[in-house]
**Q** 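Have a look at this one.
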Amino acid sequence: MSNTEPTCCCCGHEAAESWTPTKAYFCPMCPGVESDEPGACPHCGMALESALPTDEVPPAEAAELRDMSRRFWFALALGLPALILGMDHLLPGQPFMQLLGHRLSGWIELALSTPVVFLAGWPLLQRGWRSLVTRNFNMFTLIGLGVMTSWSYSLVALLFEEALPAAAKHGGHVVLYFEAAAGITMLVLLGQVMELRAHRRTGAALRALIGLAPKTATRLRDGVEEQISLAQIAVGDLLRVRPGEKIPVDGVVREGLSTVDEAMLTGEPPPVAKHAGDKVTGGTVNQTGAFVMCAEKVGRETLLARIVQMVAQAQRSRAPVQRLADRVAAVFVPVVVSIAIITFLVWLAFGPEPRWANALVCAVAVLVIACPCALGLATPMSIMIGVGRGAQDGILVREAAALEALGVVDILAVDKTGTLTAGKPEVTQILLNPLWAGLSSPANTTETRGWKAPPTTAEKNLLQLAAALEQHSEHPLATAIIRATKEHGLTFADATQFHATPGGGVEGVVAGQAVLVGSESWLAERGVAGLDARQTELIAVHQRGQTTIGVAVAGQLAGWIAAADPIKPTTAEAIRELHRLGLKIVMLTGDIEATARTVARELGIDEVRARVTPTEKHRVVQELRAAGRRVAMAGDGINDAPALAAAEVGIAMGHGTDIAMQSAGITLVKGDLRGLVKAIHLSRAVRRNIRQNLFFAFAYNAIGIPLAAGALYPLTGTFLSPVLAGAAMSFSDVSVVGNALRLRRARL
């Protein structure tokens, strides 16, 4: 598939990246194929997907999964006994043959396999027939060919055993392939169930995103409040948003003051102060104050709706990786059918007597040995074993295509907060005001002694005063101060007369002292003295990307508390390993430039893009892919979801949001990028294993088909009997399975 344009897996037709379905259902593998009703693609046979994201599972999608699941369990219930009977010749003493006899055993196999093929497997036969009629040969063509040839030949052999030549018999009895027809049907139905479940998981990301928006809003009209649905909101409506409520649509604050949790957009935990005239975004969460907003963008124009569409578009354009069997089917099917027909005609014209019977046996042997079992198992077996191996090391693979593609990526786009860093601010430094602390020099600072060193008496007092107020706040920096105070075994009193100013700070009385904790600008508004203390050090702290909060006592600045989001201890090692694997690392973060540059310098990251929105992250990933790069994206937040979906491989941190994990193909359970290093090694091992499996599958076909066509007859005077053809097919399956099992011992 092209990195820039989606290509039909069957006809090679390319459609623009921006192609958007106009009907309710579409094929993700064949651009331009769409329908008003659910069903299968007329080209590739894949189930059509819903094009309209909703917050519920589409009824047609749920019904199709239920239908395929019932068909699989029905096929399993009847197909397993048929397989056991058909494989009786491989069991010691052939117990079922001894008990039932050849004829009765054959009739039982017919009774068991027929419902499997024609009832459970009817949708597969329909897709195979459609591919023949439209001449869009694919995996279903091979499946239908193999199943119907095996079943039809077996029925003829069971009814007219005496008319078949000795070449078609083993131990005096004709060989039947009812169990092969049932077995192939069971395997393919299992694959369809797994595929439909994967589609449902993909849709879960969209449903979770849609669920971020509230169901209703409070509209103000002529001074009267009324509850309305989101669909009723019009541009210009005045909406009241109370503390704890989600903002319904995009707009601007008209009156009121509050702080808003915008981590959904930026990935950064600190809430953002909102005043009259500030923009607010639908789906973000109002925290401390109430305000009235004017709706500016509604419906599909809101940022959240556009994010949903970006994720849907990315998933739509990133069709599942086409199996090699699908891509070669356009050549393989007509070649095999032509060889079988030519074989039948040649032996019918020039073969030994009985000519028609020997010609039929040779033609059937060609079709049986060309059956796509090994070819179909080559990729799924390796990926299935690889997925299990990854799970042992905390690598959860949601999409097989992601595991297969990860080994060839050359750029890793990575979020900062929660991915490279811990995602939780920690106190890093205390700068005391010498006038308040009674110090002769401002040199007394935790920076020189290290934060983990025991704090001085003055530093303890400052922390305890700040913690007494911040215990009533939900701000991430408040949590950091409380945690730092407890780490040093300090206790703190309860504050009275507590009051919070959204976007500014908190104030109250602690042990009889008036204490204020907040931003420098807010403290200045409150007339706090001594704010010019330690300004040189304060500037240096800000240049390192750290956040500071001031503490004032009785109108005098007591000092500054600095906090930062620490880099995970394992991140530096992981970045070095990723560089050794040949990947370029690009940081995409909503944080400020100074903080992003500081983290990038410490980790040796190649490129930094700061202050980027979810839309911009998505666009950057698309631009990199359009330039021919193979891009993986690692993140943990809602703001990363569009980029995770747009990347060739999306990687979510295990501690991140559900939406991030649902948008990604791979989840690192431990939230540690070293898991990504292991995942890349696993992917490369899986890709090698798949190539080896494909060699086995093609080798047996390449060698077996000429032999089945009768190439040995001029030399030996014998044909390759269907028994040996079936044995060769089985041996190719065993080779593929055995080789795939080696992945269980792969070192990551």
Side-chain angles (χ1 to χ4, degrees), residues 1-4 202 205 267 310-311 314-315 317-321 383 386-387 390 393-416 418-420 571 574-589 603-609 612 614 617-637 639-654 656 660-687 748:
M1 177 184 284
S2 167
N3 283 335
T4 57
T202 300
M310 281 189 292
V311 173
Q315 292 176 340
S317 61
R318 188 185 58 179
V321 175
I383 289 180
V387 167
D393 280 56
I395 304 164
L396 299 186
V397 180
R398 294 181 62 254
E399 298 176 4
L403 179 61
E404 190 175 358
L406 184 59
V408 295
V409 299
D410 53 15
I411 284 187
L412 173 66
V414 60
D415 175 48
K416 179 185 74 67
T419 304
L420 301 175
T571 300
I575 295 296
R576 287 194 298 271
E577 289 297 322
L578 290 168
H579 277 141
R580 289 194 190 101
L581 289 171
L583 274 69
K584 176 182 177 181
I585 315 296
V586 178
M587 181 197 295
L588 304 177
T589 177
L603 294 175
I605 288 175
D606 303 296
E607 184 179 338
V608 177
R609 304 199 189 188
V612 291
K617 288 186 178 183
H618 177 268
R619 178 178 52 77
V620 169
V621 170
Q622 284 187 318
E623 289 175 352
L624 291 171
R625 295 193 66 186
R629 308 303 295 267
R630 312 295 291 270
V631 184
M633 170 71 193
D636 72 328
N639 63 312
D640 300 316
L644 288 170
E648 193 152 354
V649 182
I651 301 143
M653 300 293 110
M661 287 185 275
Q662 289 161 355
S663 300
I666 294 176
T667 297
L668 306 179
V669 175
K670 299 177 182 178
D672 183 346
L673 280 180
R674 290 182 302 181
L676 177 56
V677 176
K678 293 182 178 181
I680 292 174
H681 284 299
L682 176 62
S683 175
R684 293 180 179 180
V686 167
R687 290 177 67 87
L748 306 183

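All values below were derived from every heavy atom in this structure, side-chain atoms included, with hydrogens, water molecules and symmetry-related copies excluded.
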**Q** Given side chain to side chain contact (heavy atoms under 4.5 Å, CB included), test Asp606 with His579 step by step and report yes or no.
**A** CA-CA 10 Å; Asp606 303 296; His579 277 141; 2.9 Å; yes
**Q** For Met653, which of Thr667, Asp672, Asp415, Thr419 qualifies under side-chain contact (heavy atoms from CB on, under 4.5 Å)?
**A** Thr419
**Q** I'd like to check Ile666 versus Leu406 (side-chain heavy atoms, cut-off strictly below 4.5 Å). Are they in contact?
**A** yes
**Q** Would you say the side-chain atoms of Arg625 pair up with the backbone N or O of Ala646, donor to acceptor, closer than 3.5 Å?
**A** yes
**Q** Below 4.5 Å, heavy atoms only, C-beta onward: do Lys617 and Thr589 meet side chain to side chain?
**A** no
**Q** Ignoring hydrogens and angles, tell me if any N or O in the side chain of Ser683 forms a donor-acceptor pair with the backbone of Leu403 under 3.5 Å.
**A** yes
**Q** How long is the straight-line distance from CD1 of Ile575 back to CZ of Arg580, given to the nearest 0.5 Å?
**A** 12.0 Å
**Q** So which heavy atom on Gly665 is nearest to which on Ala402, and how close?
**A** CA-CB, 3.9 Å
**Q** Under the rule for salt bridge (Lys or Arg N to Asp or Glu O under 4.0 Å), what residues qualify as partners of Asp410, not counting sequence neighbours?
**A** Arg629
**Q** Name all residues meeting the salt bridge (Lys or Arg N to Asp or Glu O under 4.0 Å) criterion together with Arg609; count only those two or more places apart in sequence or in a different chain, and write none if there are none.
**A** Glu607
**Q** Could you grab the distance from atom CD1 of Ile411 to atom CG of Leu624, nearest 0.5 Å is fine?
**A** 4.5 Å
**Q** Please output the side-chain donor-acceptor pairs of residues 675-682 that fall under 3.5 Å, not counting sequence neighbours, one pair per line with the distance.
**A**
from, atom 1, to, atom 2, distance (Å)
Lys678, NZ, Asp393, OD2, 3.3

**Q** Compare every heavy atom of Ala664 with every heavy atom of Gly650, then report the nearest pair and how far apart it is.
**A** O-CB, 3.3 Å
**Q** For Leu588 and Val620, what are the C-alpha separation, side-chain angles and deciding distance, and is it a side chain to side chain contact (heavy atoms under 4.5 Å, CB included)?
**A** CA-CA 9 Å; Leu588 304 177; Val620 169; 3.9 Å; yes
**Q** What are the two closest non-hydrogen atoms of Leu673 and Ala634, and how far apart are they?
**A** CD2-CB, 4.5 Å
**Q** With Ile605, which residues qualify under side chain to side chain contact (heavy atoms under 4.5 Å, CB included), at least two apart?
**A** Leu420, Ile585, Met587, Ala600, Leu603
**Q** What's the spacing between His618 NE2 and Asp640 CG if we round to 0.5 Å?
**A** 13.0 Å
**Q** For Arg687, what residues pass the salt bridge (Lys or Arg N to Asp or Glu O under 4.0 Å) criterion, not counting sequence neighbours?
**A** none
**Q** Between Leu644 and Gly635, which heavy-atom pair has the shortest distance, and what is it?
**A** CD2-N, 3.9 Å
